[in-house]
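The structure appears right after this line, and notes come after that.
What you see is a predicted model, and the numbers here were worked out from it, not measured in a lab. In this chain, residues are counted from 1 in sequence order. Counting starts at 1 for both ligands and their atoms, following the listed order.
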Amino acid sequence: MDTYQLAITRRTIREFKDTPVPYEILEKCVNAARLAPSAGNRQPLEHIIVDEARLLPQVFDAVAVWAGESRPKEGWPPGRRPKAYIVTLINAELEKELGAARRATLCDVGMAVENMILVAWAQGIGSCPVLSFREKDLKELLNIPDKYEVGMVLALGYPDESPVTEETQDSIKYWVDSQGVRHVPKRRLEDILHRNKFR
Ligand SMILES: Cc1cc2nc3c(=O)[nH]c(=O)nc-3n(C[C@H](O)[C@H](O)[C@H](O)COP(=O)(O)O)c2cc1C
C-alpha cells in the first residue's frame, strides 16, 4: 500500500484477534516515532512498550473511555482486547528546560503517534489512540517517574473488525450497526477544503 492508501484506509480498531503482536514491529513503531517531526527538534518524548500478558489487563483498566457510547454494557471480552500498548511519555522537565510550549509538545505527540499508527497498519496491525486514561494508575503500574506525563496510550493488535467510513453533513457520532460493523462518519472534503482563501 502506498502512503496515501495507508492514510485513507486506516481506521481506529478496538476489537482484536487473540494473537500477540511481534515485539519487533512494536519496536519499529517506536523507532518511527523517534524520527517523527519535533518542534525545535526538542524531542521531549519517550515511549513504553507494554506487551507482558500480566500487565495488559491492568493497562486496559486504566483506560477510562474505550469506544465511547458504543461500548457494550457487558464490557469488552478479554479475548478481543488490545494485545499491546505503546505509552507515549512527555518528559516535562526536559520540555521546560528546552523552553518548549505545551502546544508544540502536544503536536509532537500527535505526529509521533500517527507515525506509529501507520507503521503498524502497514504490517496489518490495527490500533486505537487513547487520551482518556487514568494517568495516576498508569504511572503507578508502569513505574513512570514524576517528571514524566503520559501524552497518549496507543492500543494495538491484529484487527477483528472492519469499520467503514461514510460522508456526513450532520452527525459525527460513530456507531455500531446490528451486524456489529462500526460506522465512522467523516466530514466531506468539499466542506473542509479551502483553496487559497477561506471561502
Ligand atoms: C487525540 C485522540 C484521542 C482519542 N481518545 C480515544 C479514547 O480515549 N478512547 C477511544 O476509544 N478512542 C479514542 N480516540 C479514537 C477516536 O475515537 C477515533 O479516531 C475517531 O472515532 C475516528 O475514527 P477513525 O480513527 O477510525 O477515523 C482518540 C483519537 C484521537 C485522535
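- Protein heavy atom in closest approach to atom 17 (O) of ligand 1: R14 NH2, 3.0 Å.
- For atom 23 (O) of ligand 1, the closest non-hydrogen atom of the protein is V184 CG1, 3.4 Å.
- In V130, the parts holding a heavy atom less than 4.0 Å from any atom of ligand 1 are both the side chain and the backbone.
- Interface of A67 with ligand 1, defined as ligand atoms under 4.0 Å from a residue heavy atom, comprises 10 (C), 11 (O).
- Distance check: I13 CD1 to S162 OG gives 6.5 Å after rounding to the nearest 0.5 Å.
- For ligand 1, the atoms closer than 4.0 angstrom to any heavy atom of K186 are 22 (C), 24 (P), 27 (O).
- Atoms of ligand 1 found under 4.0 Å from any heavy atom of R11, numbered from 1 in the order shown, are 24 (P), 26 (O), 27 (O).
- The two residues A64 and R134 make their nearest non-hydrogen contact at CB-NH1, 3.7 Å.
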Next on the checklist: For W76 and F60: C-alpha separation, side-chain torsions, deciding distance, then whether ring pair (Phe, Tyr, Trp, His ring centres under 6.0 Å) applies.
Outcome noted: CA-CA 10 Å; W76 221 259; F60 191 79; 7.3 Å; no
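- With Y85 as the fixed residue, the side chain to side chain contact (heavy atoms under 4.5 Å, CB included) test singles out one of I48, L56, L138: L56.
- For the 3.5 Å distance criterion, the side chains of Q43 and S38 fail to qualify, holding no donor opposite an acceptor.
- For P129, heavy-atom contacts with ligand 1 shorter than 4.0 Å involve the backbone as well as the side chain.
- Results of the side chain to side chain contact (heavy atoms under 4.5 Å, CB included) test with I125 over I117, T19, I25 single out I25 as the only residue that passes.
- The single protein non-hydrogen atom nearest to atom 5 (N) of ligand 1 is L131 N, 3.1 Å, given as residue, atom name and distance.
- In this structure, R199 contributes its side chain and L193 its backbone to a donor-acceptor pair below 3.5 Å.
- Summary of contacts: the protein heavy atom closest to atom 2 (C) of ligand 1 is M152 CE, 4.3 Å.
- Every N/O-N/O distance between W66 and ligand 1 stays at or above 3.5 Å.
- Counting heavy atoms under 4.0 Å from ligand 1, residue A64 does not touch it at all.
- Around CZ of R187, the count of heavy atoms belonging to other residues, nucleotides or ligands within 6.0 Å does not exceed 12.
- The closest protein non-hydrogen atom to atom 26 (O) of ligand 1 is T12 N, 2.7 Å.
- Checked options R81, R80, E161; the residue passing with R14 is E161 (criterion: side chain to side chain contact (heavy atoms under 4.5 Å, CB included)).
- The cationic group of R10 does not satisfy the cation-pi geometry with Y4, failing either the under 6.0 Å distance to the six-membered ring centre or the 45° limit from the ring axis.
- Counting atoms of ligand 1 from 1 in the listed order, those under 4.0 Å from a heavy atom of Y174 are 17 (O), 21 (O).
- The protein non-hydrogen atom at the shortest distance from atom 9 (N) of ligand 1 is V65 O, 2.7 Å.
- Contact analysis leaves R182 out of contact with ligand 1, as no non-hydrogen atom separation drops below 4.0 angstrom.
- Protein heavy atom nearest atom 8 (O) of ligand 1, with residue, atom name and distance: S132 N, 3.0 Å.
- Every atom of ligand 1 with a heavy atom of C128 under 4.0 Å away is listed here by number and element: 10 (C), 11 (O), 12 (N).
- No heavy atom of P163 sits closer than 4.0 Å to any atom of ligand 1.
- Two residues are said to be in side-chain contact when any heavy atoms from C-beta on lie closer than 4.5 Å; Y148 and V150 fail this criterion.
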